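First the structure, in the form of structure tokens, and then the observations on it.
In this text the structure is predicted, and so the values were computed from the model without any measurement.
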Amino acid sequence: MNSWDTEVLVVGGGPVGLTLAVDLGQRGVRCMLVDKRPKPAFLPKMERCNARTMEIFRRMGIADEVRRAGYGQDLPMDVFVIRTLQDPPIARHPYPSVNQLKAQGAQVNDGSMPLEPYQLISQYTLEPLLKGVAERTEGISVRFGHELVAFSEDSEGVTSIVRDLDGNEISIRSKYLAGCDGGTSTVRSGLGVELSGESLLEMHQALYRAPGLYDSIPIGKGRHYHVADERSTFLIVQDDTVHFTLHAVVKDASDMVELFRKTVGAPIEFEMMYVGKWTQRLMLADSYATKRIFIAGDAAHLVIPTGGLGMNTGVGDAIDLSWKLAGALAGWAGPGLLGSYEAERRLVGARNVNASRQAAIGRRTWRSICGPLAFEDSQEGEIHRAKIRDLVDKEQRKSNELLGIELGYRYSGSPIIVDEPGEGPDPDSFDYTPTTWPGSRLPHVWLENGTAIQDIIDPNGYTLVNLSGDPNVGGGFAGGFQKLSVPFSTLTLSSSAARKVYERDLLLLRPDMHVAWRGDNEPANAEEIAARVSGHASSVEAGN
């Protein structure tokens, strides 16, 4: 049997596994990615990178590449409730284009907006893009057509067996294994970890190629068109505006051809390229990790696409895991650093499963009164459509206006965060409140010279952001991190805008831009805090 050796073996070449591999490679970690498919599939499983994911891609240096490949940055992101694409819409929620959001963000400096807006990009576009990035990143070996068939963990690492398309088996020895291999994860199954939760509707999804459709839609351009019928019919514009997906509850796959025609409402040439079943699930893995094996993405949590939280939550998993693995492999991570992955990301997974549930309930609420009457051209029909519109204006927004869920998550109770007394802003709110409460993502702020603070935070070490005006602050932290050989730097800034948003003079940031500690004065126990946030100590007080 042939054998290979690497530091981290990533199983699964979807967006989550590829993001993890690229980020590990950029941190200098030798990484191998395997995927049982011969190549990425032309399937539109996800279609939007949210603001937090795009901020992460910016730090990886690929945000512009993702945008160039995706939906036009001047195109609207509107959401409609319709009878057909030809009839006046029952409801229309306008949402700004990427360029409009960028223009708004350039004028706002209160932390309320992300550095990077969302980007519509189909999974069948994003996967090959990330695969290309991985293949050109030093230290990464990408091997599609290799299926994980067995693995075992010991005190020094993990031995995995993969099988190629010719049936040859190869042994791979790695320090760590990351299962990013989807809802039917081989890694999760091999660990004996269960998914707990609920299954809801069984639906069909179909992919169509209809080159003339987008430009001919008379009711307005957008990304989502919900049909007010009893089938939960939902048309999604894909990133090139040539392909479309339709989701619906139907008896047979063949029904999706006529349903597409009915939804369009006018003669159009199209090709149905794929149709298949899927089930709405809200589930969370009972565990995310052993000592050397981790799961991320759909292997760890399954959400309804309502709200677009699935892949984006997985990208958050990947980034949290990546810097911790890099620290462990570099030798500076304390024994508690990798252990914090499950504590932090399972909390977010549970939160986002619940947010997806709330969004789905909102959608089901307005859909519960839909049906044939919504399609009648009568006074009764118009009255009924007005009722639907009123419910849509309240309930559908839970699927499309959840910036707080995307940006406001917080690693409360994490063993490597120094918590404060009190509760802070609600991390489960759909509305975003910028905060530096420990565990939070650092809000985006522009400096006076036009630089974004996020762009100058070191991705490879801890950073003390010093807004106090005293350039001599930080010696205690510097000494504490130096004793542990943990990478650390101080960023001294003079910015009234940042000080107002960030609420404190001093912020200690982790490599992933989450706040580990904050205060107005350097604490007497700075060395203890340095040990805590890098995984070398189990508990410590805030020390203010």
Side-chain angles (χ1 to χ4, degrees), residues 44-50 52-53 77 79-82 90-91 93 95 118 120 123 182-183 195-206 222-236 245-250 276-285 297-298 300-314 316 346-371 374 387-406 408-409 426-432:
K45 294 182 180 180
M46 52 75 56
E47 44 90 18
R48 186 176 71 98
C49 294
N50 69 23
R52 179 58 178 147
T53 294
M77 297 284 281
V79 174
F80 296 77
V81 175
I82 63 170
I90 295 172
H93 290 170
Y95 293 101
Y118 48 52
L120 197 158
Q123 182 160 338
L195 284 173
S196 299
E198 57 187 314
S199 298
L200 304 175
L201 284 178
E202 183 177 81
M203 306 188 75
H204 278 79
Q205 177 195 42
R223 61 186 174 111
H224 290 170
Y225 297 85
H226 298 270
V227 181
D229 63 7
E230 67 280 7
R231 299 176 181 269
S232 297
T233 305
F234 176 23
L235 182 70
I236 302 173
T245 51
L246 191 71
H247 297 259
V249 178
V250 296
K277 285 184 181 180
W278 68 281
T279 302
Q280 295 181 344
R281 302 187 194 279
L282 292 166
M283 307 189 103
L284 185 69
D298 284 356
H301 42 75
L302 292 173
V303 303
I304 300 172
T306 308
L309 295 173
M311 186 279 297
N312 292 291
T313 305
R346 193 169 184 276
L347 175 75
V348 174
R351 166 189 183 269
N352 288 5
V353 166
N354 185 57
S356 180
R357 179 182 292 108
Q358 292 182 55
I361 290 172
R363 187 177 294 181
R364 289 204 301 269
T365 298
W366 69 259
R367 280 199 171 278
S368 66
I369 66 168
C370 293
K387 291 179 180 178
I388 295 173
R389 185 180 305 114
D390 288 343
L391 269 181
V392 165
D393 285 342
K394 177 184 178 182
E395 299 292 344
Q396 178 60 30
R397 297 186 187 280
K398 296 175 183 177
S399 296
N400 303 114
E401 300 173 18
L402 62 173
L403 191 63
I405 301 300
E406 296 174 1
Y409 62 95
D426 180 7
D428 298 330
S429 173
F430 278 45
D431 297 321
Y432 177 59

Quiz prompt | Cationic N near anionic O, under 4.0 Å, E401 to K394 | solution = no
Quiz item: Quick one: does R52's side chain have a donor or acceptor within less than 3.5 Å of a partner on T313's backbone?
Solution: no
Quiz item: L391 and I369: which non-hydrogen atoms are nearest, and at how many Å?
Solution: CD1-CD1, 3.7 Å
Quiz item: Salt bridge or not for E202 and K277, using N-O below 4.0 Å?
Solution: yes
Self-check item: Charged N-O contact under 4.0 Å between E395 and K398
Solution: yes
Exercise. Sequence neighbours left out, what passes side-chain hydrogen bond (donor to acceptor under 3.5 Å, both in side chains) with R223? Give chain and number order.
Key: none
Quiz item: So, R397 side chain and D393 main chain: donor-acceptor pair closer than 3.5 Å or not?
Solution: yes
Quiz prompt | pair N354-D428: side-chain heavy atoms closer than 4.5 Å | solution = no
Practice problem: Sort out for me which residue in L402, L403, I405 forms a side chain to side chain contact (heavy atoms under 4.5 Å, CB included) with Y432. | Solution: L403
Quiz item: Would you say the side chain of P305 lies within less than 4.5 Å of the side chain of M46, judging by non-hydrogen atoms?
Solution: no
Exercise. Verify, without hydrogens or angle tests, whether R389 (side chain) and V81 (backbone) share a donor-acceptor contact under 3.5 angstrom.
Key: no
Practice problem: Might you point out which heavy atoms bring S199 and T279 nearest each other, and give the distance in Å? | Solution: CB-CG2, 4.1 Å
Quiz item: What do the steps show when you test R48 against E406 for salt bridge (charged side-chain N to carboxylate O under 4.0 Å, His left out), and what is the final call?
Solution: CA-CA 12 Å; R48 186 176 71 98; E406 296 174 1; 3.0 Å; yes
Self-check item: Heavy-atom closest pair, residues M283 and V353
Solution: O-CG2, 3.6 Å
Quiz prompt | S429 side-chain N/O to D426 backbone N/O, donor-acceptor pair under 3.5 Å | solution = no
Quiz item: Between D229 and T233, which heavy-atom pair has the shortest distance, and what is it?
Solution: OD2-OG1, 2.6 Å
Quiz item: What pairs with F234 under ring pair (Phe, Tyr, Trp, His ring centres under 6.0 Å), at least two apart in sequence or on another chain?
Solution: H224, H226
Quiz item: Are the aromatic rings of H204 and W278 close, with centres under 6.0 Å apart?
Solution: no
Quiz item: Can you tell me if R346 uses its side chain to pair, donor with acceptor, with the backbone of A285 under 3.5 Å?
Solution: yes
